[in-house]
Amino acid sequence: MPIHNTDIAEIFNRVADFLELEEANQFRIRAYRNAARTVGSLSRSVSDMIEQNEDLSELPGIGKDLAGKITEIVETGTLKQLKELEKRLPSGLLELMTIADLGPKRVVVLHKELGINTLEELEKAAREEKIRQIQGFGEKTEQNIIEALQRQKGGEAKPRIKLIVAEEITQPLLEYLRNVEGVKKVIAAGSYRRRRETVGDLDILVTCKESSKVMEQFVEYEDVQKVISKGETRSSVLLRSNFQVDVRVVAEESYGAALHYFTGSKAHNIAVRRLAQKRDLKVNEYGVFKNDKRVAGKSEEDVYATVELPYIEPELRENRGEIETAREGSLPELITLEDIRGDLQSHTTYTDGKFTLEEMVEAAKNKGYDYLAITDHSKRVYMAKGLDAKRLAEQLEEVEKLNEELKDFRILKSSEVDILEDGSLDLPDDILKALDVVVCSIHYNFKLSREKQTERIIRGMDNPYFNIFAHPTGRLIGQREPYDLDLERIMEAAKERGCFLELNAQPERLDLSDVHVKMAKEMGIKIAISTDAHTISDLDYMRFGIGEARRGWLEPDDVLNTQKWNDLKKLLTRT
Ligand code: DGT
Ligand code: CA
Ligand code: CA
Ligand code: ZN
């Protein structure tokens, strides 16, 4: 393996850690830390500089002595001085320093007083209540140590949180980090970047001038409940919401490789690495290497290019065929928020919505949409004051009147019609016939057998006015399982009849899910991405629908509400 700048930085930091344990002179310690920082944030590879006989001692904070040590590391892969330090002090002590609450001074005390050299010994001593007896430690520290050890073991299963909750936590934190002095790039990678519907933990990458500043500020963030570990280039904290955040500082030259690595998914990374191996390349979070020489790393595009692939969007990186499709050059041109021309499900104060019809329309207009379907519930959904034919007719009158006044915008006459247990629809045909779009869904009798449930919905689609089957599986993420349904048969039936399926964009629904959306696409069924808005701000849920749609490989043309009204109208007319 070639020696990267980050490797050198790591060795220097390790030396500094050991020197701290030995309570060496503070200036010496700082010199190593500074050198680590300088090398770690350099935009060029130190190995290359040495190869070209450049004078390293011209770098800030690097004297002749340190320059010699860097050369030693590049040439031998290690540092003799570090080996000697490791001989003098048990290396387990360094591990102890990764435990929150334990700095070098305390680790030395634990080592001297209780002979603790390893994490196991630390845990034993804490459980036997020996630590609280040492001066300056106390019960609270002991408890913190036990908790930190448990977290490090990954003892407690991390709860996954919904993407919307992750967004609420992540956005202000990213903003906070962007404001730290010397920070250049800040990005959330991992499942968050892939727009998975739930997120296990957050993986943030930073490029900057001084990593120590970032780490200091990060652990000081007001929402931090506990610092799990704090290092020079990597720290982990638990926020008050029990959400874990890892921040890693990466070198500019490795930014693309690190972003690719930490975006994942793991399965995608493994598949890419396999392609690389066939070309005698090594891919890791520092870059792509050929015979120990860096050939890429600065951007994700470069990383993909080394394995002869085009850039692959994060939402596709699940190893669900994206690599093969990329090789054939037939990756989908994924839909974006800008492609959306309207919303095909929304509710008003006529039923359980919080805003009037006019207010909802105004909000949709302000979003730049061309149309909005008002889909208040039908009478069977009495808990939402569902409309019968008479009240719906009243609403349609209001819609017509408003439509006359509106320019460049159309309110679509619609309804979210309940599919009753026998498959009939909850409103008479003569009123369905008057609607621009008929959205159908089920709200009761979730527990029917798979056969009966499937039959119910297909009978519903037999009605010639049935257009869109809304929130098809009824799942609520983390709360309610989908009802038992033969989705493949439903899709076949929809295809035959010219019906469509919804991707409900409510962040706790995302129904259809990514995999089913892709299935529908492969069967040639178009999808409506609808927010099911009950308030004005719910209209912004469209972004979650778009995320899920992208994960399901959808292109603009696979989606109903990217179409102009005139084209959409044709699609909605069943023959
Ligand atoms: P999460 O946090 O459970 O919602 O899902 P991710 O995908 O964010 O996973 P996480 O946080 O464990 O790791 C972040 C990324 O780091 C992951 O997507 C891919 C990469 N990664 C983690 N562990 C490995 C590994 O063992 N091998 C490879 N190739 N990549 C890994
Ligand atoms: Ca993660
Ligand atoms: Ca992680
Ligand atoms: Zn509703």
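Side-chain atoms are counted along with the backbone in the values below, which use heavy atoms only and exclude waters and symmetry mates. In listed order, ligands and their atoms are each counted from 1.
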Please identify which atoms of ligand 1 are closer than 4.0 Å to at least one heavy atom of [X].
X	answer
F262	14 (C), 15 (C), 16 (O)
R194	7 (O), 18 (O)
V199	4 (O)
G190	8 (O)
D203	8 (O), 11 (O), 14 (C)
S265	18 (O)

Under 3.5 Å between any N/O of [X] and any N/O of ligand 1: does that happen in this structure?
X	result
G200	yes
R160	yes
R273	yes

So, are [X] and [Y] salt-bridged, with charged N and O less than 4.0 Å apart?
X	Y	value
R480	E508	no
E181	K209	no
R33	D17	yes
E522	K518	yes
R196	E318	no
R279	E308	yes

request  = For the pair F12 and Y32, name the ring-plane relationship: parallel under 30°, tilted 30 to 60°, perpendicular over 60°.
outcome  = perpendicular
Checking contacts here: is it the side chain or the backbone of [X] that comes within 4.0 Å of ligand 1, counting heavy atoms only? Could be both or neither.
X	answer
N269	side chain
Y261	both
S191	both

Aromatic Y304 / basic R327 pairing, under 6.0 angstrom, 45° off normal = no
Rounded distance [0.5 Å steps], CG in L316 versus CG in D514 =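 Nearest 0.5 Å value for the CG-CG distance: 11.0 Å.
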key: Rounded distance (nearest 0.5 Å) linking atom CG of L96 with atom CD of E121   =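 Atom-to-atom, L96:CG and E121:CD are 8.5 Å apart.
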ask   = Any idea which of D201, T263, I270 brings a heavy atom closest to atom 11 (O) of ligand 1?
value = D201
ask   = Taking atom 25 (C) of ligand 1 as the point of reference, which of H268, R196, K266, H260 owns the nearest heavy atom?
value = K266
request  = Give the atom name of whichever N/O/S atom in D203 sits closest to the Ca ion (ligand 2).
outcome  = OD2
query = Just wondering, is there an N, O or S atom on D246 that's nearer than 3.0 Å to the Ca ion (ligand 2)?
reply =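 For D246, the answer is no, given that no N, O or S atom comes within less than 3.0 Å of the Ca ion (ligand 2).
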